[in-house]
Every structure is written in structure tokens, then in C-alpha cells.
Amino acid sequence: MSLDHRLATEHEELRRTVEAFAHDVVAPRIGELYENHAFPYDIVRQMAEMGLFGLPFPEEYGGMGGDYLALCIALEELARVDSSVAITLEAGVSLGAMPIFRFGTEEQKREWLPRLCSGERLAAFGLTEPDCGSDAGGTRTTAVRDGDEWVINGTKCFITNSGTDITALITVTAVTGRHPDGSPRISTVIVPSGTPGLTVAAPYSKVGWNASDTRELSFADVRVPAANLLGEEGRGFAQFLRILDEGRIAISALATGLAQGCVDESVRYAHDRRAFGRPIGANQAIQFKIADMEMRAHTARTAWRDAASRLMSGEEFKKQAAMAKLHSSEVAVTNAREATQIHGGYGFMNEYPVARMWRDSKILEIGEGTSEVQRMLVARHLGLPGA
């Protein structure tokens, strides 16, 4: 495996294109959308026109024929400006469309993927429940077979992209029976939006990611065709673990983007802000803070690119994905805190991007596997006793 993580020409062109879009289109509008808790439909539409939602999927399903690295590059560049927009893309692709691509039948792929790859519609990933977050195996939502239908009952929470005007479906994990040892058989079922019995709650009032869509879902005798089973019955939990392993790389790229965005804003402010007769960037204390921030962003980028390269080459990547997600999320939190400190009182004002970055950073240590879970996974891969 090559250790050279410099980007090939096509990937660098993509990076520059998304960088320009983030600065020219997202940056001028996102502050108002964020403060109004408004979903960025027009920005999402433009991202769709750019083909971002189809980046890692084959052209035969309406995708761009790219790879997972391309998706992660786009996520990092978007998150340098705003994480709400970035998480909308991340959840729509790596959590929404990817399960159908990885585990769907040919009929399911051809039915759903073209609309998801085009960005015309979004998909959501229904895993987390009120009583089982990190313990995803403790799923209580049930799906009972009744003739040619599944009847679903239960509740899901913190589900991204689940209640927008363009949400097409939610892939839902549910208990469909019991194994001989009594453990639950967890399967995955596709539930189209608008199915009778599916109730989509109002958006959460969140600390951050305020321009993204996050809701609770309830299922009361929701009936879907038996053909909506995604993958093999009883393999839903294993399938979602695979999706989460990949998703951690994407979240790591997003976190790296936020960390780099904190550097960008701090460098700019260090030039512009004057105190005691000179720019604050002339003070060595500020220089050292920003230098450390840049170092952290660089190591986070190296970590996620290493994990992504292993994924794409078919090598084992789970440990590297866990380490990348753990490191980059903690880097994002640290850089956001330091950027706010550098901005002083202005860093506490929502008109400055670092205030938004500070609010957005903490969830990165929680979503798609907490930092504690990532440490458990790394310890397990090291073969430590009891891990």
C-alpha cells in the first residue's frame, strides 16, 4: 500500500471545485440559515447539480463513478465552512444511499439509487433508539412478518435527513425474531417516507448542526412489502456495523474540515485584529496556538486518508477508521476551543464562523460511535484482555 497521500489530479480538481463552492455559495448564506434553524434546500440542490450525492457510486445507478476518497474530500472542504451542509451530504450518501448500494437487491438499487445519487431525494439511516445509543444491539423496534408484509413498531431518535421535503426513505433496523440462544435477530427494512403509521416528529432544538435536519421517528403498525427487506434477514446488525465502519472515515474527514476551518478563520483574524498597536498574529502566543492547530488538522487528515486508502484497496481498515474518527473528532473540539479563544469576545458572537464551529464540534465526539466506543474498538483490534 502506498503511503503517499497526496491527491491525484482528478481528486485535487474536485477539492478545488468544492472549496470554491463552499466559499462562494455556502459561506455567504449559511449564517442566516443556521440561526433560523432552516434546512438549506437551495444549497443542497446546487450540491446535487454538482453530482456530490453520487460521488462514490457507479454510473449505472446514476452515480459519478468516483470513490470513497472523493466523497471524503468533498466533506472536508464543505466542513471547512459549515458542518450542517457537510453532515447533510455525509448522512445522505454514506448512511442513506450506501446501505442500499452495499446490500440491496438489483431491483432495490435500480428503484432507489438513481434518485439518491442525483440528490433529487435523500435517504436516512434509522439505527439509534431512545434506550440504545452505543448499545445498538439492544434494538427494541420490531418488524413482524404478516403474509407479504412487514409490520413495524418502535421508535428511532437523532435521525438525520429523516424529515425534509425531499426525504425518500429510511432504512430501519428492527428485531425480526430470535436466534437459538435467545439473542435478537436484527434485520434492516426500507420504509418509504409517507408510509401510513410513520410519524416524523418536529425537528430537535440542537446545540449545533442547526441547518441540518434531525428528528425522532415513531412506527405504529407501519406496513411495508416483504420485498423491502434490505439484505439477508438477521444480518441487519452486521450490515449496519459495516456502514458505520465506513461512515467513521467520512465523519473523520468532516471533523478534519472543521479543524482546518478553525485554522483558516484564526489566521485571518490574527492578521486583521490589532491590539496594543500591532496585529495579534505578531504575538508568539497566538502564533504557537495556530501552529498547533495546523499540526492537529494535518495529522487528522493523514489519519482519515490512510483509512480511506485501505478501504478502497480492500484491506482491513476498521482499526484505522476508529483511530481516525477518534483523533479527528477530538482535534475538531480542541481547535474550535482554541479558535474561539483567539477571537476573544468576538468568538462568542454568532456572526463569526468560529462560534458556529465551536457549537458544531462536540457532536463529532458522539455521533457514529462515541470516543469511548472508538477506544474500545482499537483495544479490541490490539487483542487486549477483555476488550
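Values reported hereafter were calculated over all heavy atoms of this structure, with side chains retained and with hydrogens, waters and symmetry mates removed. Note that this is a predicted model, so its numbers are computed, not measured.
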Phe317 with Leu71, same ILVMFWY side-chain cluster at under 4.5 Å = yes
message = Taking atom CD as the centre, does Glu107 end up with more than 12 heavy-atom neighbours from other residues, nucleotides or ligands that are less than 6.0 angstrom away?
response = no
request  = Give a yes or no answer on whether the side chain of Arg215 reaches the backbone of Val200 with a donor-acceptor pair at less than 3.5 Å.
outcome  = no
task = Please name the pair of heavy atoms, one in Lys206 and one in His37, separated by the smallest distance, quoted to 0.1 Å.
result = O-CE1, 4.4 Å
request  = Using only heavy-atom distances, determine whether the side chains of Ser266 and Lys289 contain a donor-acceptor pair under 3.5 Å.
outcome  = no
inquiry  = If we ignore hydrogens and angles and just use 3.5 Å, is the side chain of Arg274 paired with the main-chain N or O of Gly277 as donor and acceptor?
reply    = yes
task = Begin from the C-alpha positions of Arg29 and Glu35 and carry the test salt bridge (Lys or Arg N to Asp or Glu O under 4.0 Å) through to its verdict.
result = CA-CA 11 Å; Arg29 299 193 54 208; Glu35 291 307 310; over 6 Å; no
remark   = Output for pair (Ile170 CD1, Ile152 CD1), nearest 0.5 Å, gives 9.5 Å
inquiry  = Looking only at side-chain N and O atoms, does Ser212 offer a donor or acceptor that is under 3.5 Å from a partner on Ser84?
reply    = no
request  = Before giving the answer on side-chain contact (heavy atoms from CB on, under 4.5 Å), spell out for Asp360 and Ile87 the whole-Å C-alpha distance, their side-chain angles and the decisive distance to 0.1 Å.
outcome  = CA-CA 10 Å; Asp360 289 340; Ile87 195 60; over 6 Å; no
ask   = Same hydrophobic cluster for Leu78 and Leu95, using side-chain heavy-atom links shorter than 4.5 Å among ILVMFWY?
value = yes
ask   = Distance only, no hydrogens: is a donor on one side chain within 3.5 Å (strictly under) of an acceptor on the other, for Arg356 and Asn210?
value = no
task = Tell me yes or no: between the side chains of Trp304 and Glu76, is some donor less than 3.5 Å from an acceptor?
result = yes
note = d(Glu365 CD, Gln374 CD) to nearest 0.5 Å is 11.0 Å
Donor + acceptor pair across side chains of Thr167, Thr164 (<3.5 Å) = yes
ask   = Between Gln108 and Ala227, is there a donor-acceptor pair closer than 3.5 Å when you use the side chain of the first and the backbone of the second?
value = yes
note = Glu330 and Ser371 have their tightest heavy-atom pair at OE2-OG, 3.8 Å
ask   = Any sub-3.5 Å donor-acceptor pair from Ser187's side-chain atoms to Gly234's backbone N or O?
value = yes
ask   = Side-chain contact, heavy-atom cut-off 4.5 Å: Leu55 with Val93?
value = no
query = Roughly how far apart are Phe57 CZ and Cys117 SG, rounded to 0.5 Å?
reply = 5.0 Å
For Ala270 against Pro279, the heavy-atom pair lying closest together = O-CB, 3.5 Å
query = How about His271: does its NE2 atom have over 12 heavy atoms from other parts shown lying under 6.0 Å from it?
reply = no
task = List the steps, then state whether side-chain contact (heavy atoms from CB on, under 4.5 Å) holds for Thr160 with Thr88.
result = CA-CA 7 Å; Thr160 304; Thr88 299; 5.7 Å; no
task = To the nearest 0.5 Å, tell me how far Phe103 CZ sits from Leu229 CG.
result = 12.5 Å
ask   = Are the side chain of Asn228 and the backbone N or O of Ile190 linked by a donor-acceptor pair below 3.5 Å?
value = yes
inquiry  = Can you confirm whether Glu60 is buried at CD, in the sense that more than 12 heavy atoms of other residues, nucleotides or ligands lie under 6.0 Å from that atom?
reply    = yes
message = Let's go through Glu120 and Arg115 carefully: what are the C-alpha distance in whole Å and the side-chain angles of both, what is the deciding distance for salt bridge (Lys or Arg N to Asp or Glu O under 4.0 Å) to 0.1 Å, and is it a yes or a no?
response = CA-CA 5 Å; Glu120 172 191 348; Arg115 285 177 286 172; 5.8 Å; no
task = Starting from the C-alpha separation in whole Å, work towards a yes-or-no answer on side-chain contact (heavy atoms from CB on, under 4.5 Å) for His381 and Glu316.
result = CA-CA 11 Å; His381 280 280; Glu316 176 57 49; 4.1 Å; yes
key: Linked, directly or transitively: Met295 and Met293 (ILVMFWY side chains, under 4.5 Å)   = no
key: Cation over ring face, Arg223 and Trp150, 6.0 Å, 45°   = no
Modelled atom types, side-chain donor and acceptor of Glu294 and Gln260, under 3.5 Å = yes
message = With heavy-atom distances below 4.5 Å as the criterion, would you say the side chains of Phe39 and Asp165 are in contact?
response = no
query = Within a radius of less than 6.0 Å around CG of Asp24, do more than 12 heavy atoms belonging to other residues, nucleotides or ligands occur?
reply = yes
Tyr41 atom OH: more than 12 heavy-atom contacts under 6.0 Å = yes
request  = Taking the side chain as every heavy atom from C-beta outward, state whether Tyr34 and Trp209 have any atom pair closer than 4.5 Å.
outcome  = no
message = Tell me whether Thr195 contacts the main-chain N or O of Val191 through its side chain, where contact means a donor paired with an acceptor under 3.5 Å.
response = no
query = Does Tyr68 reach the main-chain N or O of Glu246 with its side chain, forming a donor-acceptor pair under 3.5 Å?
reply = yes
task = Just do the side-chain contact (heavy atoms from CB on, under 4.5 Å) check on Asn335 and Asp292 with the steps written out, would you?
result = CA-CA 9 Å; Asn335 275 17; Asp292 285 346; over 6 Å; no
query = Taking side chain as C-beta onward, heavy atoms only, is Arg102 less than 4.5 Å from Met98?
reply = yes
request  = Classify the angle between the aromatic ring planes of Phe348 and Trp358 as parallel (below 30°), tilted (30 to 60°) or perpendicular (above 60°).
outcome  = tilted
ask   = Is there a path from Val81 to Leu254 through hydrophobic residues (I, L, V, M, F, W, Y) whose side chains come within less than 4.5 Å of each other?
value = no
query = What class does the angle between the rings of Phe240 and Phe125 fall in, given that below 30° is parallel, 30 to 60° is tilted and above 60° is perpendicular?
reply = parallel
key: From CD (Glu265) to CE (Met357), nearest 0.5 Å   = 5.0 Å
query = Do the non-hydrogen side-chain atoms of Ser252 and Ser329 ever get within less than 4.5 Å of each other?
reply = no
Main-chain N/O of Pro56 paired with Asp67 side-chain donor or acceptor, under 3.5 Å = no
key: Atom CZ of Arg16: over 12 foreign heavy atoms under 6.0 Å   = no
query = Transitively linked via ILVMFWY side-chain contacts under 4.5 Å: Leu7 with Leu75?
reply = yes
query = Is it true that atom CD of Glu32 has more than 12 heavy atoms of other residues, nucleotides or ligands lying nearer than 6.0 Å?
reply = no
ask   = For Phe158, does its backbone N or O pair with a side-chain atom of Tyr204 as donor and acceptor, under 3.5 Å?
value = yes
query = Can a cation-pi geometry be assigned to Lys156 and Phe219, taking NZ or CZ under 6.0 Å from the six-membered ring centre and within 45° of the ring axis?
reply = no
inquiry  = Return the CG to OG1 distance between Asp131 and Thr139, rounded to the nearest 0.5 Å.
reply    = 11.0 Å
ask   = Does the side chain of Phe21 come within less than 4.5 Å of Glu77's, by heavy atoms?
value = no
ask   = Do other residues, nucleotides or ligands put more than 12 heavy atoms under 6.0 Å from the CZ atom of Arg242?
value = yes
query = Which atom pair, heavy atoms only, marks the closest approach of Ser328 to Lys325?
reply = OG-O, 3.5 Å
request  = Could you tell me whether the side chain of Ser94 and the main chain of Ala91 form a donor-acceptor pair under 3.5 Å?
outcome  = no
salt_bridge(Arg310, Asp306) N-O dist < 4.0 Å = yes
key: Asn283 and Gln287 side chains, donor-acceptor separation under 3.5 Å   = no
query = So, Glu129 and Thr141: side-chain donor and acceptor under 3.5 Å apart, yes or no?
reply = yes
